[in-house]
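Notes follow once the structure below has been shown.
Quick note: residue numbers are just sequence positions, from 1.
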Amino acid sequence: MAKNVVVVGTQWGDEGKGKIVDWLTDHAGGVVRFQGGHNAGHTLVVGEKVYKLNLVPSGIVREGVKCYIGNGVVLDIHHLISEIDELEAGGIEVRSRLKISPGCPLILGYHSALDRAREAAKSAGTKIGTTGKGIGPTYEDKVARRALRVYDLFYPERFAEKLKENLDYHNFVLTQYLGAEPVDFDAVLAQAMADAEKIKPMVVDVSAALYAANKSGQNLLFEGAQGALLDIDHGTYPFVTSSNCVAGQAAAGSGVGPGMLHYVLGITKAYCTRVGGGPFPTELDIETEGFPGFQMSQKGKEFGTVTGRKRRCGWFDVPALKRSSQINGVTGLCITKLDVLDGLPELKICTGYRLHGKVVELLPMGSDDVAASEPIYESMPGWNESTVGANRNEALPAAAQAYLARISELCEIPVDIVSTGPERDETILRCHPFA
């Protein structure tokens, strides 16, 4: 019987999901992206090659695996074509294996123009830290029922009519409210029609294809983007992304029933990071050499895959992980970047917060309360030995094993996988999600 696994980030994104999805794909017949857009960045290291993916599912580097982009993804088809071309130039066959849902809303030139203009108009303390790639405005159009979708590309005249109506509206906002330049109708239409011819052969009914694959006995792997604490409903609003990042979105964002989701693997770093604005209770100084935050930043190479921005770093946050585990229904954890902590004499774990005179053990709802939360720490001894590349639990220093055990105990979730480096074989398996 087929078994399906959902991989989600349980922090603020950038937890190392790409490597784990790639690693698990040897047990899967298909990998499915179900939300987000090309604001997500997944980095894979396979031997001497490094692949940086934004839209194409991470399973693409495994020969013979089918990859699906579900209806929950907002799609910049011009960027997707560039990504496909780059992968195929590197010897990876994509077009015969990539399947795109006709229900994906399209990111067009006016969406990114709106995104950038809005962020530029915000004062310093209110900036979200958006990538400016048009993700938010596209999801807004989807909810407002005016989005152009992939299936509209098959009807050029109707596409042009809808595009003109949308541009009339958005150009008014750009010019009259935001003081920005208008977006040219002819340029957007010409680009979309040219790109459409390249992706049409890959457009299929993804929902039906996934049901057929599952019925035939294929395991499926659902790949989330960003992290649960950036979820539009459950994250640190308004400092969030524009989609649902939680495991339940795997069903809605790909067209399968929730009964087809059998195991949820929560990916979490051995510490915490965050890109962009928003509250971060355990945040550390990443600029001063010799401090733990500086080591996390430098040794962890904490720079955004998409933007190149420095990631903020902090100690492991149990209340945040507990919130994530609840809203995702996490079955087991995968701890990544354990090796980044090698050499730190003391480690701290946030076990709760002081908030408005009370002790709370769960990340609050709402950014104001999260910002007001004072972390409560417990300390554990660090280790001097290297954990880089360890692929057996016994190969870890006793202090590292104790640290992982304490995280599991506090979060009340088993640690099923530990990642000790970027390569596929730098992984400790305790319980296989597909078992």
Between [X] and [Y], is any side-chain donor less than 3.5 angstrom from a side-chain acceptor?
| X | Y | answer |
| --- | --- | --- |
| Q191 | D195 | yes |
| T336 | E15 | no |
| Y353 | D317 | yes |
| K142 | T138 | no |
| R33 | S101 | no |
| H170 | D141 | yes |
| N391 | D425 | no |

Next item on the list: Would you please classify the geometry between the Y403 ring and the F316 ring as parallel, tilted or perpendicular, with 30° and 60° separating the classes?
Entry: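 Ring orientation, 0 to 90° scale: perpendicular.
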
Check: Aromatic rings H79 and H38: how do their planes relate, parallel, tilted or perpendicular, breaks at 30° and 60°?
Finding: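 Tilted, since the angle between the ring planes falls between 30° and 60°.
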
Answer yes or no: does atom [atom1] of [X] have more than 12 heavy-atom neighbours from other residues, nucleotides or ligands under 6.0 Å?
| X | atom1 | result |
| --- | --- | --- |
| E140 | CD | yes |
| E165 | CD | no |
| D368 | CG | no |
| E93 | CD | yes |

If you measure from the Lys or Arg side-chain nitrogens to the Asp or Glu carboxylate oxygens, is any gap between [X] and [Y] under 4.0 Å?
| X | Y | answer |
| --- | --- | --- |
| D85 | R95 | yes |
| E287 | K310 | yes |
| R430 | D416 | no |

Next item on the list: Identify which one of T282, I349, I407, L362 satisfies the side chain to side chain contact (heavy atoms under 4.5 Å, CB included) criterion when paired with V318.
Entry: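 Among T282, I349, I407, L362, the one meeting side chain to side chain contact (heavy atoms under 4.5 Å, CB included) with V318 is I349.
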
Next item on the list: Identify which one of L98, L55, L221 satisfies the side chain to side chain contact (heavy atoms under 4.5 Å, CB included) criterion when paired with C67.
Entry: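 Only one option passes, and that is L98.
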
Next item on the list: Apply side chain to side chain contact (heavy atoms under 4.5 Å, CB included) to L265 and L24, showing your working.
Entry: CA-CA 11 Å; L265 181 65; L24 288 170; 3.9 Å; yes

[X] side, atom [atom1]; [Y] side, atom [atom2] - distance, nearest 0.5 Å:
| X | Y | atom1 | atom2 | answer |
| --- | --- | --- | --- | --- |
| E361 | L410 | CD | CG | 9.5 Å |
| Q35 | E223 | CD | CD | 9.5 Å |
| L321 | C411 | CG | SG | 4.0 Å |
| K337 | D14 | NZ | CG | 8.0 Å |
| L189 | L167 | CG | CG | 9.5 Å |
| I84 | L80 | CD1 | CG | 4.0 Å |

Next item on the list: Start with the C-alpha distance between T268 and Q11, add both sets of side-chain angles, then the distance that settles side-chain hydrogen bond (donor to acceptor under 3.5 Å, both in side chains), and finish with yes or no.
Entry: CA-CA 6 Å; T268 180; Q11 297 169 318; 2.9 Å; yes

Check: Distance under 6.0 Å and angle within 45° of the ring axis: does K164 meet both against F185?
Finding: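 Negative - K164 is either too far from the ring of F185 or too far off its axis.
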
Note to self: List the residues meeting side-chain hydrogen bond (donor to acceptor under 3.5 Å, both in side chains) with D152, not counting sequence neighbours, and say none if there are none.
What the structure shows: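 With sequence neighbours excluded, D152 shows a side-chain hydrogen bond (donor to acceptor under 3.5 Å, both in side chains) to R158, K162, given in chain and number order.
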
Margin query: According to salt bridge (Lys or Arg N to Asp or Glu O under 4.0 Å), who are the partners of E283, at least two apart in sequence or on a separate chain?
Written below: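 For E283, the residues satisfying salt bridge (Lys or Arg N to Asp or Glu O under 4.0 Å) (neighbours in sequence not counted) are R312.
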
Item checked: Any donor-acceptor N/O pair, R62 side chain to D22 backbone, under 3.5 Å ->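 Present.
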
Next item on the list: Could you tell me whether the side chain of H27 and the main chain of F434 form a donor-acceptor pair under 3.5 Å?
Entry: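 It does not hold such a pair.
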
Given side chains that start at C-beta, do those of [X] and [Y] come closer than 4.5 Å, heavy atoms only?
| X | Y | result |
| --- | --- | --- |
| R392 | I428 | no |
| S408 | L333 | no |
| V7 | F222 | no |
| L153 | I77 | yes |
| V275 | W12 | no |

Margin query: Pair V418, T427 - check side chain to side chain contact (heavy atoms under 4.5 Å, CB included), show working.
Written below: CA-CA 6 Å; V418 182; T427 308; over 6 Å; no

